[in-house]
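Reviewing the structure listed below.
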Amino acid sequence: MSQTAQHNSMFEAVLARLDTAAKLMNLNPEVANILRNPARQVKVSLPVVMDNGSIRVFEGYRTVHSTHLGPSKGGIRYAMDVNADEVMALAAWMTFKCAVANLPYGGAKGGIQLDPRAHSVGELERITRAYALAMKDVFGVNRDIPAPDMGTSGREMAWILDELNKVNGEDAPGVITGKPISIGGSLGRDAATGRGVMINTLCALEKMGITAKGAKAVVQGFGNVGAHAARLLSEQGICVVGIGDHTASYYNANGIDITAAIAYTNSNNKVLKGFTGATEIPADQLLIQACDILVPAALQNVITSSNADAIKAKLIVEGANGPTTPEADPIINSKKIICVPDILANSGGVTVSYFEWVQNKAGYYWPESEVNSKHDLKMREAFEQVWAASQNYKTSLRIGAYIAALQKIEQGVRLKGAY
Ligand code: NAD
């Protein structure tokens, strides 16, 4: 589902938060208007030969939302519901996310409308290479730098890099991040978004006066973000009592052995269905189970005005992009639930993507311990800035995060000027 009940589009939902923050901080309306309009939107048609010899045409998108703080940065998503509106919303979130995390980047996002599970590896490779070629004038190491998102991984990044290297006649690994280590990826990138979720959780618990050890967490989504977040939270002594993916949801009040769950999915086509370390529950019950910390790390629009009131967690840490609809925000706030918003909570991924880009430019690679300690430092700094903005403006962490981002982007807009 990619639409909210009261907002016709995901991009409108982004603008709703932008407007709230802009009003509170008294943002120059001209700056707000620039940010309401993405800088560049590209849509391509990709005719690709399927394994059976037939030709299918796929829709590919790339939106560059802003380049005011640096080259644009953002992932590539493969899913059936990818569309121009969703890509635009995700691109705008990247602008705010990079600013929140103090990265020298603007925001972008891309995607292809397809079900990655419905294609062979060969078909996926041909579709991905066709997309990379079609976007050769958009992507660039100092222009627009893609990365993985839902439905893509290091494998697709390697194909895109290879295609761009061929067409540009040079090896420029920094043109894309989230690459496998052997071709210029960064140690620590795979787990980085989950690590950012863990650090943000610890920061918020400290402010709330809750001890991490023994606190109970529920994590929705068991892919890149969810599985690493669950593992890293449990390594901090947090008791993960609920997990779920698109195939099944599980609850165990005594805590789930996350190492065992990861080992199970690794041997079960990456899905949880059939896991025996907890009791299976209906999917719509997972988010409303008793817990202290709720980590939605799968889809957008899962916390809505229909279920927000039933949430029992004291803290929500948004691993996914856009898991909470604007209509659910006031319900969450009135219940005094602290919500670390997506543009802060899942910014660990783009932070380590930035480190990957820096290492590619320098041609010098850091040990994982260095990546992790630099990440943790940046994440704590970003959390403190957002916390301070929310306190100063007496608002939620979400609007505080938008204000912290807009203060930086406003400077970029003013200093770079207009025609
Ligand atoms: P992924 O494809 O690796 O995993 C997605 C997970 O969500 C899978 O476990 C899948 O089964 C689950 N899921 C799908 N539909 C579901 C449903 N209806 N109910 C419950 N679970 C469902 O994707 P990911 O990279 O982990 O991304 C997850 C979210 O995090 C997305 O919103 C993405 O935009 C965001 N995000 C990812 C990164 C990153 O570095 N990968 C960075 C920032 C934000």
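For ligands, and for the atoms within them, numbers begin at 1 and follow the listed sequence.
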Non-hydrogen atom of Arg189 closer than 4.0 Å to ligand 1:
yes
Of all heavy-atom pairs linking Phe58 and His119, the shortest is CZ-CE1, 3.6 Å
Under a plain distance cut-off of 3.5 Å, with no hydrogens placed, do His375 and Thr351 share a side-chain donor-acceptor pair?
no
Would you tell me whether Ser353 and Tyr105 have side-chain atoms, one donor and one acceptor, within less than 3.5 Å of each other?
no
List the steps, then state whether side chain to side chain contact (heavy atoms under 4.5 Å, CB included) holds for Leu205 with Ile238.
CA-CA 11 Å; Leu205 289 176; Ile238 291 170; 4.2 Å; yes
Is the Phe222-His246 ring centre distance short of 6.0 angstrom?
no
Part of Asn346 within contact of ligand 1 (heavy atoms, under 4.0 Å):
both
Distance to 0.1 Å, residue and atom name: give those for the protein heavy atom nearest to atom 32 (O) of ligand 1.
Asn321 N, 3.1 Å
Evaluating non-hydrogen atoms only, which member of Val352, Thr351, Asn224 is closest to atom 25 (O) of ligand 1?
Asn224
Where ligand 1 meets Arg77 - atom numbers and elements under 4.0 angstrom, heavy-atom basis
31 (C), 32 (O), 33 (C), 34 (O)
Nearest non-hydrogen contact with atom 18 (N) of ligand 1 belongs to which option: Leu299, Thr265, Ile343, Leu272?
Leu299
Residues pairing under salt bridge (Lys or Arg N to Asp or Glu O under 4.0 Å) where one sits in residues 220-246, two or more places apart or in two chains, turn out to be Arg231-Glu235
Closest approach of any protein heavy atom to atom 39 (C) of ligand 1, naming residue and atom:
Thr193 OG1, 3.4 Å
Subset of ligand 1 atoms that lie under 4.0 Å from at least one heavy atom of Ala298:
7 (O), 12 (C), 13 (N), 21 (N), 22 (C), 28 (C), 29 (C), 31 (C), 32 (O)
Shortest protein heavy-atom distance from atom 4 (O) of ligand 1, along with the residue and atom involved:
Gly223 CA, 3.3 Å
Show me which atoms of ligand 1 lie under 4.0 Å from any heavy atom of Gly151.
2 (O)
Option set Thr152, Asp245, Ile243, Asp190, criterion heavy-atom distance to atom 19 (N) of ligand 1, minimum
Asp245
Select the closest option to atom 27 (O) of ligand 1 among His246, His228, Lys97, Met150, judged by heavy-atom distance.
Met150
Asp149 neighbourhood, listing ligand 1 atoms whose heavy-atom distance to it stays under 4.0 Å:
33 (C), 34 (O)
Atom 37 (C) of ligand 1 has as its nearest protein heavy atom Val225 CG2, 3.4 Å
Only heavy atoms of Ala320, strictly under 4.0 Å: list the atoms of ligand 1 that pass.
29 (C), 30 (O), 32 (O), 35 (C)
May I have the step-by-step check of side-chain hydrogen bond (donor to acceptor under 3.5 Å, both in side chains) for Lys361 and Asn142, ending in yes or no?
CA-CA 10 Å; Lys361 280 182 166 249; Asn142 293 316; 2.7 Å; yes
Test of understanding: given a 4.0 Å heavy-atom threshold, classify the contact between Lys273 and ligand 1 as side chain, backbone, both, or neither.
neither
Is the shortest side-chain N to carboxylate O distance from Glu125 to Arg129 below 4.0 Å?
yes
Anything under 3.5 Å between a donor and an acceptor, one on a side chain of residues 148-158, the other on a protein residue two or more places apart or in another chain? List them.
from, atom 1, to, atom 2, distance (Å)
Asp149, OD1, Lys109, NZ, 3.2
Asp149, OD2, Arg77, NE, 2.6
Asp149, OD2, Arg77, NH2, 3.1
Thr152, OG1, Ile76, O, 2.8
Thr152, OG1, Asp149, N, 2.9
Thr152, OG1, Asp149, O, 3.0
Ser153, OG, Arg155, N, 3.4
Ser153, OG, Glu156, OE1, 3.1
Glu156, OE1, Ser153, N, 2.8

Determine whether Asp292 and Lys216 satisfy the following criterion, salt bridge (Lys or Arg N to Asp or Glu O under 4.0 Å), listing intermediate values before the conclusion.
CA-CA 5 Å; Asp292 303 296; Lys216 294 190 169 182; over 6 Å; no
Hydrogens and angles aside, do Asn346 and Asn321 bring a side-chain donor and acceptor to less than 3.5 Å of each other?
yes
Applying a 4.0 Å heavy-atom criterion (strictly less than), which segment of Leu90 is in contact with ligand 1: side chain, backbone, both, or neither?
neither
Below 4.0 Å, non-hydrogen atoms only: which portion of Ala297 touches ligand 1? Side chain, backbone, both or neither.
backbone
